[in-house]
Participant: 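Sharing a structure, written as structure tokens. Questions coming.
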2 protein chains.
Amino acid sequence: MPRTASPAVRAALLERAAEMLTRREPVTLRALVEGTGASTMAVYTHFGGMPGLWRAVRQEGFTRLAARLGTVPTSDDPVRDLAALGAAYVASALAAPALYRAMFDAAAELEDPDAAAAPFQALVDAAARARDAGRFAPDSDPEAVATRYWASGHGLTLLVLTGVLPADALAAHAPAVAAALFAAAGDDAQRAARSVSAGWSLPASAE
Amino acid sequence: MPRTASPAVRAALLERAAEMLTRREPVTLRALVEGTGASTMAVYTHFGGMPGLWRAVRQEGFTRLAARLGTVPTSDDPVRDLAALGAAYVASALAAPALYRAMFDAAAELEDPDAAAAPFQALVDAAARARDAGRFAPDSDPEAVATRYWASGHGLTLLVLTGVLPADALAAHAPAVAAALFAAAGDDAQRAARSVSAGWSLPASAE
DNA sequence: CTCATTCCATGACGGTGTTATGTATAGCAC
DNA sequence: GTGCTATACATAACACCGTCATGGAATGAG
């Protein structure tokens, strides 16, 4: 019966939080609401506090990541598709480094725990297609391949984002790691290298 | 001429900070000094503030990590040594998860920028030995192999530490990733798998 | 011994997230 | 349409954080 909370305020707060994050501004409660004209209490009614806001921000990050991976077209070369997915993943992380780091800072707790699984599933599907197409060994486990691929890319990405490795380390090592993992999954080494090279260079220009 | 700062206070603060970190307690200035009997100003005289304390904590973490990797014995199988180094690395991270995460939270800025290079160098050396021993291709780049190995292990470790992947994912995937990378570096796939299996299981019991 | 210099303890300050209190407004019963 | 009620939201105080200005105590140099 009572007054209902406006979803516009919630969306605006979330949007502004993501924007402040990409702008490297510290996301503080008062600075956050300052821009929206809302009061500090709005964060509490909509998110229950700052931890809730962060949960929502991470959720939003994974949703956007999944959406972005969804735009990667499926070709007749599933290994190339895996590489393209990896490239899109890395490009997404580089486009909003602070958001990416926030996502994995406490990725375990999300509003919807399956949110992190959505981007991951794209990799699993591609790995399964590679197996069914005869590129990977018949007994290769798509989920295991996807996990190793993901973890390796994640580590490389984070080391670059934190400044431990130079920015060009991604281009220098990510395709090589991918090719090594795909070859281990059963693909011919040279063929894997060619597919990775083709897929990796594809969405590099994507914003 | 004046009173000289006691290194014992500095060491005690550092020790307590690391202890609070492993105990998952929030490392706050007042809580930190409470245990040592010192005052808040001690942190400022010794570290210049909390950021300086974190710098020192990260530094200490890398130093301990390098020391731990230094205890891994060198065998006549350099590929096995690489696996053993990886296992020791992961074990070290699992023993103090919060410290590990703090180390890489802003690993770019350390008191001594070369501190992060020390653990890394152990990997480079082992990769160079593998190349010189004919296990890796003569034109394989030890530094590139070490970088890819490190990044992959780092990503896998972080995903487990943050709860994204289950704890057993490390044992399930880390050796496989290592074997894939070593095979890509030129080692025979089956031989690499055997060496990795031998080296990985070695220091698993280390604390 | 003297004294200057530095360590460090005490307390105040601005900023943070949180929350108690009050107010206005949107939805439902009639 | 009118009145009631439950909820969204504003305001302001709170406890905590890191920081720093002040002052006293201790130490090493001469």
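These numbers come from a predicted model, not from an experiment. Letters A, B, ... are given to chains in the order of the sequence lines, protein chains preceding strands, and every chain is numbered from 1.
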Participant: Are the charged groups of A:D105 and B:R101 less than 4.0 angstrom apart, N to O?
Facilitator: yes
Participant: Could you tell me whether A:E60 and A:R64 have a side-chain N and a carboxylate O separated by less than 4.0 Å?
Facilitator: yes
Participant: Does B:T45 place a side-chain N or O at less than 4.0 Å from the phosphate oxygens OP1/OP2 of C:dC8?
Facilitator: yes
Participant: Between B:S39 and C:dA9, is there a side-chain N or O to OP1/OP2 distance below 4.0 Å?
Facilitator: yes
Participant: For the pair made of CG in A:L32 and C1' in C:dG15, what is the distance, rounded to whole Å?
Facilitator: 16 Å
Participant: For the residue pair B:F120 and B:W150, categorise the inter-ring angle as parallel (less than 30°), tilted (30 to 60°) or perpendicular (more than 60°).
Facilitator: tilted
Participant: Rounded to whole angstroms, how far apart are CD on B:E34 and C1' on C:dA9?
Facilitator: 14 Å
Participant: Among C:dT10, D:dC9, C:dC8, find the nucleotide with the atom closest to the side chain of A:V9.
Facilitator: D:dC9
Participant: Under 4.0 Å between a Lys/Arg side-chain N and an Asp/Glu carboxylate O for B:E143 and B:R131?
Facilitator: no
Participant: My understanding is that only residues two or more places apart in sequence, or in another chain, count here; which of them pass side-chain hydrogen bond (donor to acceptor under 3.5 Å, both in side chains) with B:R24?
Facilitator: none
Participant: With sequence neighbours left out, what residues match A:D187 under side-chain contact (heavy atoms from CB on, under 4.5 Å)?
Facilitator: A:V79, A:R135, A:F136, A:R191, A:A192
Participant: Pull out every protein N or O sitting under 3.5 Å from an N or O of nucleotides 17-20 of chain C, one pair per line with the distance.
Facilitator:
| unit_1 | atom_1 | unit_2 | atom_2 | d |
| --- | --- | --- | --- | --- |
| C:dG17 | OP1 | A:L29 | N | 3.0 |
| C:dG17 | OP2 | A:T28 | OG1 | 2.8 |
| C:dG17 | OP2 | A:L29 | N | 2.7 |
| C:dG17 | N7 | A:R30 | NH1 | 2.9 |
| C:dG17 | O6 | A:R30 | NH2 | 3.0 |
| C:dT18 | OP2 | A:Y44 | OH | 2.7 |
| C:dT18 | OP2 | A:M50 | N | 2.8 |
| C:dT18 | O5' | A:Y44 | OH | 2.7 |

Participant: For D:dC9 and A:H46 - does any side-chain N or O of the residue sit under 4.0 Å from the phosphate oxygens OP1/OP2?
Facilitator: yes
Participant: Expressed as a whole number of angstroms, how long is the span from B:L13:CG to C:dA9:C1'?
Facilitator: 14 Å
